[in-house]
> 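Attaching a single structure in structure tokens format; questions to follow.
All chains are named by letter (A, B, ...) in the order of the sequence lines, taking the proteins before the strands, and each is independently numbered beginning at 1. Computed from heavy atoms alone, side chains included, the values below leave out hydrogens, waters and symmetry copies.
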2 protein chains.
Amino acid sequence: MRVEHIGDATLYLADCMDVLPKLGKVDAVITDPPYSSGGMMRGDRIGATSSKYQSTEHRGLYPEFGGDTRDQRAYMVWCTLWLGLALSKVTAGGILACFTDWRQLPTTTDAIQCGGWVWRGIGVWDKTEAARPQKGRFRNQSEYFVWGSSGPMIDEGPCLPGVFRYSAQSEEKHHITGKPVSLMSDMLGICGGIVLDPFMGSGSTGLAAIKTGRKFIGIERDPAYFEITVARIRAAVGQGQLFEPERAKQVQETLA
Amino acid sequence: MRVEHIGDATLYLADCMDVLPKLGKVDAVITDPPYSSGGMMRGDRIGATSSKYQSTEHRGLYPEFGGDTRDQRAYMVWCTLWLGLALSKVTAGGILACFTDWRQLPTTTDAIQCGGWVWRGIGVWDKTEAARPQKGRFRNQSEYFVWGSSGPMIDEGPCLPGVFRYSAQSEEKHHITGKPVSLMSDMLGICGGIVLDPFMGSGSTGLAAIKTGRKFIGIERDPAYFEITVARIRAAVGQGQLFEPERAKQVQETLA
DNA sequence: TGTAGGTATGAATCCGACT
DNA sequence: AAGTCGGATTCATACCTAC
């Protein structure tokens, strides 16, 4: 295990199952785990992430990522395990937001409840331009986040939207499944204090947290993506991007 | 049972379980059943204490499934029944789109698969404003439709969006849960021919179908709502609103 | 700085060829 | 062999380049 302390960020190169038990309390868990999704056939799901999620001509743009080959029952059990661990690290009334796609959405809502969280709703990320349109079908142009709380809600802070419109291509992308930093910044309005992301990937949640004046704890088991995050967060801290004024105001409102 | 024939619409005043077995083949089922959603998952009543006293390995397995969840199981069985009946009335490759809210979304995806449909995705109706914004929460400003097909897709017709943005107050409402007619018109791009709505309510699906040149079969068991639909569809047929040019073009493309 | 037009791309999916 | 793999397909949107 390797640990990097960069400004208000603490980054672990390790599996979250190993690190989570050792952490102190956090205020929110905002994360984007591997979905283990894709395809009606088993072969479509267990293939390389590049061939599962990218067009033929674009395969190989990003490094592969692991942990994306569980079948539905195993995905359910695995999510329940890490969600239960995460719950034990959250303060009373703390928030969970966990991304998923249409195929795994029902499994994810089951898992967060089996993990002990109170399910509060579904948020929508409208990507505005879709994955591979097909004739005679509705486009699956959204991803979703299932969100909940540790026990009763505190009900402080701003009212947040339930649909977020951001192009998946609009910002620098370092991961096949990377989220726009501005999407994550908006979502962070749900919490103040310390944000935990057990599946950090290329670190967009962390970058958003640091830029909006929050503390961040991130865990990633892939060394290549870990290095990308370290570099991105170092750059943000070094350039004094600690406070986007707009976001900082939001943080203060949230904490007030 | 009462039956009204108005132009290309056939409207039944009856329970859909009674009427469905007697119908001929249709091309699509587009509907908005009662969600049975209120007060179903009161996890927050137990949340504060349950996470406090449970050890990591035994924490909160199925907290929401014990006790007051009979409603949800019954909803699941009921949906499976009518969805199975509906499947038997659809041509090969026919389409189902069934509205639901965030609470019943997972149950609905299970039910359409238990009913024998192939689940193809989730669509989003972004109502753009929330019923009740609450501090420190994401707004539940969306409803969803779960859609699928009877066996393999035909893959003809236009590519449709997966997110529809329409204000819930943008048009005249005849039903508490009424959908905008323009939303339904857009969604009907998924099919041509005969559209069936077993939970017709105030008839927005039927109105959209008639206005876009499709045939419609609707079923509603509440006499008050049935009369509203009869009046709305009579007015549309009488005023010769049979073809919105834009929609009619879309229909022809779909059928081509 | 603004507009117009061309190009790249997507947390897929399906089918056929192959081992 | 209750398989496996790779290529073709689809178009709205965002971004880039030229004027």
Side-chain angles (χ1 to χ4, degrees), chain A residues 31-72 75 79 98-108 123-146 164-184 199-202 204-205 222 225, chain B residues 93 118-124 147-149 151-165 186 189-190 250 253-254:
Chain A
T31 194
D32 187 21
Y35 299 168
S36 293
S37 195
M40 310 283 280
M41 308 296 174
R42 181 175 161 274
D44 289 335
R45 285 191 298 272
I46 65 175
T49 53
S50 60
S51 62
K52 281 166 72 171
Y53 298 134
Q54 296 191 282
S55 306
T56 314
E57 67 265 41
H58 306 130
R59 283 171 194 172
L61 274 178
Y62 303 100
E64 301 287 334
F65 63 95
D68 200 58
T69 56
R70 294 177 177 87
D71 71 21
Q72 206 150 37
Y75 187 73
C79 284
C98 177
F99 274 91
T100 186
D101 71 350
W102 66 273
R103 220 183 265 283
Q104 297 290 28
L105 179 51
T107 302
T108 307
V124 176
W125 172 32
D126 177 359
K127 295 188 279 190
T128 69
E129 89 279 359
R132 293 93 192 175
Q134 286 187 269
K135 291 187 110 178
R137 305 187 180 205
F138 298 105
R139 316 176 110 194
N140 286 313
Q141 74 187 65
S142 305
E143 288 180 38
Y144 305 88
F145 61 90
V146 176
F164 298 86
R165 277 171 58 91
Y166 285 109
S167 164
Q169 301 171 19
S170 63
E171 308 193 24
E172 52 169 1
K173 211 175 153 178
H174 300 85
H175 193 291
I176 295 177
T177 71
K179 304 285 176 286
V181 175
S182 30
L183 166 67
M184 303 315 299
F199 306 96
M200 186 169 62
S202 55
S204 298
T205 304
D222 184 293
Y225 284 121
Chain B
V118 181
W119 180 29
R120 298 287 179 177
I122 297 172
V124 176
W147 74 281
S149 64
M153 294 285 298
I154 306 292
D155 282 334
E156 287 169 3
C159 296
L160 294 165
V163 177
F164 298 87
R165 282 166 55 91
D186 282 359
I190 197 71
Q250 206 173 45
E253 282 166 8
T254 307

> Does the side-chain ring of Y53(A) lie flat on the base of dG10(C), meaning centres under 5.5 Å and planes less than 30 degrees apart?
no
> Considering Watson-Crick and G-U wobble pairs with both distances under 3.5 Å, what does dA11(C) pair with?
none
> Does the base of dA12(C) carry an N or O that pairs as donor and acceptor with the side chain of N140(A) under 3.5 Å?
no
> Classify D32(A) by what it touches in the nucleic acid, base, sugar-phosphate, or nothing, heavy-atom distance under 4.0 Å.
base
> Do K135(A) and D155(B) meet the salt-bridge criterion of a basic N to acidic O distance under 4.0 Å?
no
> Answer with base, sugar-phosphate or nothing: what part of the nucleic acid does P161(B) contact at a heavy-atom distance below 4.0 Å?
nothing
> Taking 4.0 Å as the cut-off, does a side-chain nitrogen or oxygen of R139(A) come that near to OP1 or OP2 on dT13(C)?
no
> Which residues pass the salt bridge (charged side-chain N to carboxylate O under 4.0 Å, His left out) test with D71(A), not counting sequence neighbours?
none
> Considering just the side-chain nitrogens and oxygens of R120(B), establish if one lies under 4.0 Å of OP1 or OP2 belonging to dC14(C).
yes
> Just name whichever nucleotide pairs with dA1(D), Watson-Crick or G-U, keeping both distances under 3.5 Å, else none.
dT19(C)
> Looking at dT13(C), dG10(C), dC11(D), which one has an atom nearest to any side-chain atom of R137(A)?
dT13(C)
> Starting at the 5' end of DNA chain D and moving along, which residue's nearest nucleotide shows up first, K135(A) or R165(A)?
K135(A)
> Measure distances between side-chain N and O atoms of K179(A) and base N and O atoms of dA11(C), and say whether any donor-acceptor pair falls under 3.5 Å.
yes
> Whole angstrom is fine here: how far is it from CG in D155(B) over to P in dT13(C)?
12 Å
